[in-house]
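FYI, side chains are in, hydrogens and waters are out, and symmetry mates aren't considered; it's all heavy atoms of this structure. If you read the sequence from its start, that first residue is 1, and numbering goes on from there.
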Amino acid sequence: MPGARRRSEQERAISFRFILSFGAFGSGPGAFIDPHGISVDRLGYVYVADTGNDRIQKFDEDGRFLDEIGGFGWDADQFNRPTDVYARDALEIYVADAGNRRIQRFDSRFNLLESITHFEEEEFGDLMSIAVSPTGDLYVTDLHRDEVIRLSPFDDEARIFGGSEIGGDGWFRPWGIAVDGERALYISEPGNARIVRFDPFGNLLAVWGQGMLDKPAGMAVDRRGRLFVADAGAHQVVVFGRRGNLLGRIGAEGSGFVAFQEPRDVAIGPGDVLYVLDSGNARVQKFRIERK
(Lines give C-alpha, C1' and ligand atoms only; values in the text may rest on other atoms or scores of the structure.)
Protein backbone atom coordinates (compact mmCIF):
# COMPACT_ATOMS: atom_id res chain seq x y z
CA MET A 1 0.00 0.00 0.00
CA PRO A 2 2.16 2.87 -1.29
CA GLY A 3 -0.27 5.56 -0.11
CA ALA A 4 -0.20 4.26 3.46
CA ARG A 5 3.62 4.12 3.42
CA ARG A 6 3.78 7.73 2.17
CA ARG A 7 1.49 8.93 4.95
CA SER A 8 3.57 7.06 7.51
CA GLU A 9 6.80 8.63 6.24
CA GLN A 10 5.27 12.11 6.35
CA GLU A 11 4.30 11.69 9.99
CA ARG A 12 7.74 10.64 11.23
CA ALA A 13 9.29 12.64 14.06
CA ILE A 14 11.72 15.31 12.93
CA SER A 15 14.82 17.06 14.23
CA PHE A 16 16.74 20.17 13.24
CA ARG A 17 20.32 21.06 12.32
CA PHE A 18 21.50 24.63 12.82
CA ILE A 19 22.79 26.34 9.64
CA LEU A 20 23.23 30.05 10.34
CA SER A 21 21.97 33.15 12.12
CA PHE A 22 21.74 36.75 10.94
CA GLY A 23 20.53 40.05 12.36
CA ALA A 24 21.19 42.39 15.30
CA PHE A 25 19.46 45.08 17.32
CA GLY A 26 19.34 48.41 15.49
CA SER A 27 18.05 50.44 12.57
CA GLY A 28 20.77 49.91 9.97
CA PRO A 29 20.58 47.46 7.05
CA GLY A 30 20.22 43.91 8.35
CA ALA A 31 19.27 44.99 11.89
CA PHE A 32 15.85 44.74 13.53
CA ILE A 33 13.66 46.28 16.20
CA ASP A 34 10.72 44.16 17.39
CA PRO A 35 10.26 42.20 14.11
CA HIS A 36 6.90 40.43 13.80
CA GLY A 37 6.73 38.58 10.47
CA ILE A 38 8.89 36.54 8.08
CA SER A 39 8.30 34.91 4.69
CA VAL A 40 10.39 33.12 2.07
CA ASP A 41 9.64 33.01 -1.66
CA ARG A 42 10.19 30.00 -3.93
CA LEU A 43 13.64 31.30 -4.97
CA GLY A 44 14.81 31.40 -1.36
CA TYR A 45 14.68 35.17 -0.77
CA VAL A 46 13.78 36.07 2.80
CA TYR A 47 11.49 38.97 3.74
CA VAL A 48 11.20 40.31 7.29
CA ALA A 49 8.57 42.68 8.67
CA ASP A 50 10.86 44.88 10.77
CA THR A 51 7.98 46.29 12.77
CA GLY A 52 9.86 48.68 15.05
CA ASN A 53 11.68 50.25 12.10
CA ASP A 54 8.49 50.50 9.99
CA ARG A 55 10.03 48.65 7.05
CA ILE A 56 10.33 45.40 5.13
CA GLN A 57 13.82 44.01 4.57
CA LYS A 58 14.90 41.49 1.93
CA PHE A 59 17.79 39.00 2.30
CA ASP A 60 19.28 36.17 0.29
CA GLU A 61 19.28 32.60 1.61
CA ASP A 62 22.64 33.20 3.36
CA GLY A 63 21.29 36.16 5.31
CA ARG A 64 22.95 38.87 3.21
CA PHE A 65 20.97 42.12 3.11
CA LEU A 66 19.66 42.95 -0.37
CA ASP A 67 17.00 45.65 -0.22
CA GLU A 68 14.37 47.37 1.90
CA ILE A 69 11.25 49.50 1.65
CA GLY A 70 9.58 51.66 4.24
CA GLY A 71 10.15 54.21 6.91
CA PHE A 72 7.39 55.70 9.05
CA GLY A 73 4.52 57.30 7.14
CA TRP A 74 1.39 56.70 5.13
CA ASP A 75 2.65 57.15 1.55
CA ALA A 76 2.78 54.18 -0.85
CA ASP A 77 6.40 53.32 0.07
CA GLN A 78 6.01 53.87 3.82
CA PHE A 79 4.54 51.90 6.72
CA ASN A 80 3.22 52.36 10.22
CA ARG A 81 3.98 49.24 12.27
CA PRO A 82 3.97 46.54 9.58
CA THR A 83 3.16 43.31 11.40
CA ASP A 84 3.49 40.67 8.69
CA VAL A 85 4.79 40.00 5.20
CA TYR A 86 3.84 37.23 2.75
CA ALA A 87 5.87 36.37 -0.36
CA ARG A 88 3.69 34.69 -2.98
CA ASP A 89 5.90 32.68 -5.33
CA ALA A 90 8.61 35.11 -6.48
CA LEU A 91 6.18 37.63 -7.91
CA GLU A 92 4.19 39.41 -5.21
CA ILE A 93 4.86 40.67 -1.69
CA TYR A 94 1.91 41.37 0.63
CA VAL A 95 2.37 43.55 3.73
CA ALA A 96 -0.03 43.91 6.67
CA ASP A 97 0.50 47.63 7.34
CA ALA A 98 -1.27 47.58 10.71
CA GLY A 99 -0.93 51.20 11.80
CA ASN A 100 -2.23 52.45 8.46
CA ARG A 101 -5.03 49.83 8.47
CA ARG A 102 -4.25 48.59 4.99
CA ILE A 103 -2.72 45.77 2.98
CA GLN A 104 -0.01 46.76 0.51
CA ARG A 105 0.83 44.53 -2.46
CA PHE A 106 4.22 44.95 -4.21
CA ASP A 107 6.17 43.19 -6.93
CA SER A 108 9.50 41.54 -6.09
CA ARG A 109 11.29 44.89 -6.59
CA PHE A 110 8.98 46.67 -4.15
CA ASN A 111 6.98 48.53 -6.78
CA LEU A 112 3.46 49.11 -5.46
CA LEU A 113 0.77 47.10 -7.26
CA GLU A 114 -2.24 47.64 -5.00
CA SER A 115 -3.34 49.17 -1.71
CA ILE A 116 -6.35 47.60 0.03
CA THR A 117 -7.96 49.67 2.78
CA HIS A 118 -11.52 48.30 2.86
CA PHE A 119 -13.46 45.10 2.50
CA GLU A 120 -16.99 45.66 1.25
CA GLU A 121 -17.89 48.89 3.13
CA GLU A 122 -15.84 48.15 6.25
CA GLU A 123 -12.42 49.44 7.25
CA PHE A 124 -9.74 47.13 8.59
CA GLY A 125 -8.94 47.21 12.30
CA ASP A 126 -5.67 46.05 13.85
CA LEU A 127 -4.19 43.70 11.25
CA MET A 128 -1.76 41.09 12.53
CA SER A 129 -1.05 38.22 10.09
CA ILE A 130 -1.54 37.63 6.40
CA ALA A 131 -1.50 34.61 4.08
CA VAL A 132 -2.47 33.73 0.52
CA SER A 133 -3.97 30.38 -0.51
CA PRO A 134 -2.84 28.37 -3.57
CA THR A 135 -5.89 29.72 -5.44
CA GLY A 136 -5.13 33.35 -4.61
CA ASP A 137 -7.52 33.92 -1.71
CA LEU A 138 -6.13 36.53 0.68
CA TYR A 139 -6.60 35.92 4.42
CA VAL A 140 -5.85 38.38 7.19
CA THR A 141 -6.39 38.28 10.96
CA ASP A 142 -7.91 41.40 12.52
CA LEU A 143 -7.29 41.64 16.27
CA HIS A 144 -9.59 44.62 16.73
CA ARG A 145 -12.53 42.77 15.20
CA ASP A 146 -11.56 39.29 16.52
CA GLU A 147 -12.11 37.99 13.00
CA VAL A 148 -10.47 36.39 10.01
CA ILE A 149 -11.25 38.11 6.71
CA ARG A 150 -11.01 36.34 3.36
CA LEU A 151 -10.77 38.37 0.15
CA SER A 152 -11.12 36.36 -3.05
CA PRO A 153 -9.95 37.45 -6.52
CA PHE A 154 -13.06 35.71 -7.90
CA ASP A 155 -15.68 37.20 -5.58
CA ASP A 156 -16.30 40.83 -4.58
CA GLU A 157 -17.96 39.74 -1.34
CA ALA A 158 -15.60 39.25 1.60
CA ARG A 159 -16.05 36.22 3.83
CA ILE A 160 -15.71 36.89 7.55
CA PHE A 161 -15.58 34.37 10.38
CA GLY A 162 -14.80 34.50 14.06
CA GLY A 163 -16.08 36.44 17.02
CA SER A 164 -17.90 33.43 18.51
CA GLU A 165 -17.07 30.64 20.91
CA ILE A 166 -15.22 27.65 19.48
CA GLY A 167 -14.92 24.42 21.40
CA GLY A 168 -16.69 25.92 24.42
CA ASP A 169 -13.54 27.16 26.15
CA GLY A 170 -13.02 30.75 25.11
CA TRP A 171 -13.67 33.51 22.61
CA PHE A 172 -11.99 33.29 19.23
CA ARG A 173 -8.96 35.64 19.27
CA PRO A 174 -7.04 35.14 16.00
CA TRP A 175 -3.34 36.00 15.67
CA GLY A 176 -1.15 33.95 13.32
CA ILE A 177 -2.40 32.41 10.09
CA ALA A 178 -1.27 29.76 7.61
CA VAL A 179 -2.87 27.97 4.65
CA ASP A 180 -1.94 24.50 3.42
CA GLY A 181 -2.01 23.02 -0.08
CA GLU A 182 -5.57 21.80 0.43
CA ARG A 183 -6.72 25.33 1.39
CA ALA A 184 -7.25 24.38 5.03
CA LEU A 185 -6.70 27.37 7.27
CA TYR A 186 -4.78 27.38 10.57
CA ILE A 187 -5.28 30.18 13.10
CA SER A 188 -3.23 30.60 16.28
CA GLU A 189 -4.85 31.93 19.44
CA PRO A 190 -2.21 33.01 21.98
CA GLY A 191 -4.82 33.79 24.64
CA ASN A 192 -6.33 30.31 24.38
CA ALA A 193 -2.96 28.57 23.77
CA ARG A 194 -4.24 26.59 20.79
CA ILE A 195 -4.45 26.25 17.02
CA VAL A 196 -7.83 26.22 15.30
CA ARG A 197 -8.20 24.60 11.86
CA PHE A 198 -10.91 25.69 9.40
CA ASP A 199 -11.95 24.88 5.88
CA PRO A 200 -11.88 27.79 3.35
CA PHE A 201 -15.46 28.76 4.27
CA GLY A 202 -14.86 29.14 7.98
CA ASN A 203 -16.22 25.78 9.12
CA LEU A 204 -14.39 24.40 12.14
CA LEU A 205 -12.38 21.24 11.40
CA ALA A 206 -10.22 20.72 14.50
CA VAL A 207 -8.62 22.30 17.56
CA TRP A 208 -4.94 21.45 18.17
CA GLY A 209 -2.20 22.04 20.70
CA GLN A 210 -4.14 22.43 23.93
CA GLY A 211 -1.79 21.54 26.76
CA MET A 212 1.21 21.64 24.39
CA LEU A 213 1.43 25.35 23.60
CA ASP A 214 1.88 28.50 25.65
CA LYS A 215 1.53 31.56 23.39
CA PRO A 216 1.42 30.44 19.74
CA ALA A 217 2.06 33.20 17.21
CA GLY A 218 3.15 32.90 13.55
CA MET A 219 2.97 29.60 11.64
CA ALA A 220 3.98 27.94 8.37
CA VAL A 221 2.97 24.73 6.57
CA ASP A 222 5.54 22.77 4.57
CA ARG A 223 4.97 20.73 1.40
CA ARG A 224 4.30 17.59 3.46
CA GLY A 225 1.48 19.29 5.34
CA ARG A 226 3.38 19.64 8.63
CA LEU A 227 2.51 22.71 10.69
CA PHE A 228 5.37 24.70 12.29
CA VAL A 229 4.32 27.02 15.12
CA ALA A 230 6.35 29.81 16.72
CA ASP A 231 5.42 29.47 20.39
CA ALA A 232 6.49 32.85 21.74
CA GLY A 233 5.52 32.05 25.33
CA ALA A 234 7.56 28.84 25.49
CA HIS A 235 10.47 30.28 23.42
CA GLN A 236 10.41 27.38 20.98
CA VAL A 237 9.03 26.08 17.69
CA VAL A 238 6.53 23.21 17.82
CA VAL A 239 5.74 20.94 14.86
CA PHE A 240 2.45 19.10 14.30
CA GLY A 241 1.49 16.40 11.82
CA ARG A 242 -1.62 16.40 9.62
CA ARG A 243 -3.79 15.02 12.43
CA GLY A 244 -2.49 17.38 15.09
CA ASN A 245 0.03 14.88 16.48
CA LEU A 246 3.27 16.27 17.88
CA LEU A 247 6.27 15.63 15.59
CA GLY A 248 9.00 17.69 17.22
CA ARG A 249 10.16 20.77 19.10
CA ILE A 250 13.20 23.01 19.01
CA GLY A 251 14.41 25.78 21.27
CA ALA A 252 14.53 27.06 24.83
CA GLU A 253 14.74 30.53 26.33
CA GLY A 254 18.12 32.16 25.76
CA SER A 255 20.40 34.06 23.41
CA GLY A 256 22.69 31.26 22.19
CA PHE A 257 22.25 29.29 18.99
CA VAL A 258 19.23 26.97 19.02
CA ALA A 259 17.73 29.18 21.74
CA PHE A 260 15.07 31.84 21.26
CA GLN A 261 13.55 34.84 22.98
CA GLU A 262 9.85 35.21 22.10
CA PRO A 263 10.00 33.87 18.52
CA ARG A 264 7.13 35.52 16.66
CA ASP A 265 7.07 33.78 13.28
CA VAL A 266 8.48 30.98 11.14
CA ALA A 267 8.87 30.34 7.40
CA ILE A 268 9.75 27.33 5.26
CA GLY A 269 12.33 27.79 2.50
CA PRO A 270 13.34 25.68 -0.51
CA GLY A 271 15.24 22.51 0.36
CA ASP A 272 13.44 21.74 3.64
CA VAL A 273 14.84 24.60 5.70
CA LEU A 274 13.18 26.40 8.58
CA TYR A 275 13.63 30.11 9.30
CA VAL A 276 12.75 31.26 12.83
CA LEU A 277 12.14 34.94 13.52
CA ASP A 278 13.81 35.13 16.93
CA SER A 279 12.22 38.48 17.72
CA GLY A 280 13.47 39.06 21.24
CA ASN A 281 17.04 38.47 20.06
CA ALA A 282 16.53 40.63 16.93
CA ARG A 283 17.71 37.92 14.57
CA VAL A 284 16.72 35.14 12.20
CA GLN A 285 17.94 31.56 12.71
CA LYS A 286 18.00 29.01 9.90
CA PHE A 287 17.80 25.22 10.35
CA ARG A 288 17.79 22.12 8.19
CA ILE A 289 14.70 19.99 8.80
CA GLU A 290 15.72 16.36 9.24
CA ARG A 291 13.99 13.10 10.06
CA LYS A 292 14.88 11.14 13.18
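With sequence neighbours left out, Asp180 forms a salt bridge (Lys or Arg N to Asp or Glu O under 4.0 Å) with Arg197. Qualifying salt bridge (Lys or Arg N to Asp or Glu O under 4.0 Å) partners for Asp60, counting only residues two or more places apart in sequence or in other chains: Arg64. Under the ring-ring contact (aromatic ring centres under 6.0 Å, His included) criterion, Tyr45 pairs with no residue, sequence neighbours left out. Taking Ala87 as the reference, Ser39, Asp41, Tyr47, Ile93 meet the side-chain contact (heavy atoms from CB on, under 4.5 Å) condition, with sequence neighbours excluded. The ring-ring contact (aromatic ring centres under 6.0 Å, His included) check on Phe124 picks up Phe119, with sequence neighbours excluded. Not counting sequence neighbours, the partners of Arg42 by the side-chain contact (heavy atoms from CB on, under 4.5 Å) test are Asp89, Ala90. Shown here are the side-chain contact (heavy atoms from CB on, under 4.5 Å) partners of Gln261, two or more places apart in sequence or in another chain: His235, Glu253, Asp278, Asn281. Applying the side-chain contact (heavy atoms from CB on, under 4.5 Å) criterion to Ser279, with sequence neighbours excluded, gives Pro35, Arg264, Leu277. The salt bridge (Lys or Arg N to Asp or Glu O under 4.0 Å) check on Asp272 picks up Arg223, Arg224, with sequence neighbours excluded. For Asp214, there are no salt bridge (Lys or Arg N to Asp or Glu O under 4.0 Å) partners at least two apart in sequence or on another chain. With sequence neighbours excluded, no residue forms a ring-ring contact (aromatic ring centres under 6.0 Å, His included) with Phe110.
Residues Val273 and Phe287 form no side-chain contact, since every pair of their non-hydrogen atoms from C-beta on lies 4.5 Å or further apart. Proximity of Arg226 to Ile289: side-chain heavy atoms (C-beta onward) are separated by under 4.5 Å at one or more points. Under the 4.5 Å side-chain criterion, counting only non-hydrogen atoms from C-beta, Ile130 is in contact with Leu138. With a 4.5 Å cut-off on side-chain heavy atoms, Leu112 and Phe106 count as touching. Between Ile250 and Gln236 there is no side-chain heavy-atom pair separated by less than 4.5 Å. Annotation: side chain of Tyr86 is not in contact with side chain of Val179 (no heavy-atom distance under 4.5 Å). Ile14 places none of its side-chain heavy atoms less than 4.5 Å from the side chain of Arg12. Taking 4.5 Å as the limit, every side-chain heavy atom of Val284 sits out of range of all side-chain heavy atoms of Ser21.
Counting all heavy atoms, side chain and backbone alike, Pro190 lies closest to Pro216 at CG-O, 3.0 Å. When all heavy atoms are compared, the tightest approach of Ala267 to Ala220 is CA-CB, 4.1 Å. Pairing each heavy atom of Asp50 with each of Ala31, the nearest pair is OD2-O, 3.2 Å. Of all the heavy atoms in Leu66 and Phe59, the pair that sits closest is CD1-C, 3.7 Å. Considering all non-hydrogen atoms of both residues, Arg183 and Pro134 come closest at CG-CD, 4.2 Å.
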Check your understanding: Taking it one step at a time, do Asn53 and Ser27 satisfy side chain to side chain donor-acceptor pair (under 3.5 Å)?
Key -> CA-CA 6 Å; Asn53 285 313; Ser27 299; 2.9 Å; yes

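Phe228 and Val238 fall into different hydrophobic clusters, where Ile, Leu, Val, Met, Phe, Trp and Tyr side chains are chained together by heavy-atom contacts under 4.5 Å. By the rule that hydrophobic residues join a cluster once side-chain heavy atoms approach within less than 4.5 Å of another member, Leu43 and Leu20 end up as members of separate clusters. Met212 is not connected to Val207 by any chain of hydrophobic side-chain contacts under 4.5 Å among Ile, Leu, Val, Met, Phe, Trp and Tyr, and they are in different clusters. Met219 and Val196 fall into different hydrophobic clusters, where Ile, Leu, Val, Met, Phe, Trp and Tyr are joined by side-chain heavy atoms under 4.5 Å apart, directly or via other members. Placement of Val48 and Tyr275 within a single hydrophobic cluster is found when ILVMFWY residues are connected by side-chain heavy-atom separations under 4.5 Å, directly or transitively.
For the atom pair CG of Leu113 and CG of Asp107, the computed distance is 5.0 Å after rounding to the nearest 0.5 Å. The structure places CD of Gln104 at 9.5 Å from CD of Glu114, a figure rounded to the nearest 0.5 Å. Annotation: the span from Thr141 atom OG1 to Glu147 atom CD amounts to 11.5 Å, rounded to 0.5 Å. Note that the CD1 atom of Ile116 and the CG atom of Leu151 stand 6.0 Å from one another [nearest 0.5 Å]. Distance check, rounded to the nearest 0.5 Å: CG of Leu274 to CZ of Arg288 gives 11.5 Å. With values rounded to the nearest 0.5 angstrom, Leu127 atom CG is found 5.5 Å from Asp142 atom CG.
Side-chain atoms of Thr117 never come within 3.5 Å of backbone atoms of Arg102 as a donor-acceptor pair (strictly under, hydrogens ignored). Within the 3.5 Å criterion, the main-chain N or O of Phe22 finds no donor-acceptor partner in the side chain of Lys286. A donor-acceptor pair under 3.5 Å is absent between the side-chain atoms of Asp97 and the main chain of Pro82, judged by distance alone. Judged purely by atom type and a 3.5 angstrom limit, Asp231 uses its side chain to pair as donor or acceptor with the backbone of Lys215. Within the 3.5 Å criterion, the main-chain N or O of His36 finds no donor-acceptor partner in the side chain of Asp84. A donor-acceptor contact shorter than 3.5 Å is absent between the side chain of Gln57 and the backbone of Pro29. No side-chain donor-acceptor contact under 3.5 Å links Thr83 to the backbone of Ala98. Side chain of Gln285 to main chain of Val258: a donor-acceptor pair is present (N/O by atom type, distance under 3.5 Å, no hydrogens or angles).
Counting only residues at least two apart or on different chains, the ring pair (Phe, Tyr, Trp, His ring centres under 6.0 Å) pairs with a member in residues 237-272 are Phe18-Phe257.
Of the residues listed (Trp175, Trp208, Phe198), the one engaging Tyr186 in a ring-ring contact (aromatic ring centres under 6.0 Å, His included) is Trp208, and it is the only one.
Residue His118 qualifies as enclosed at atom NE2: its count of foreign heavy atoms under 6.0 Å is above 12.
Looking at Arg81 and Asp34, no side-chain N of the basic residue comes within less than 4.0 Å of a carboxylate O on the acidic one, giving no salt bridge.
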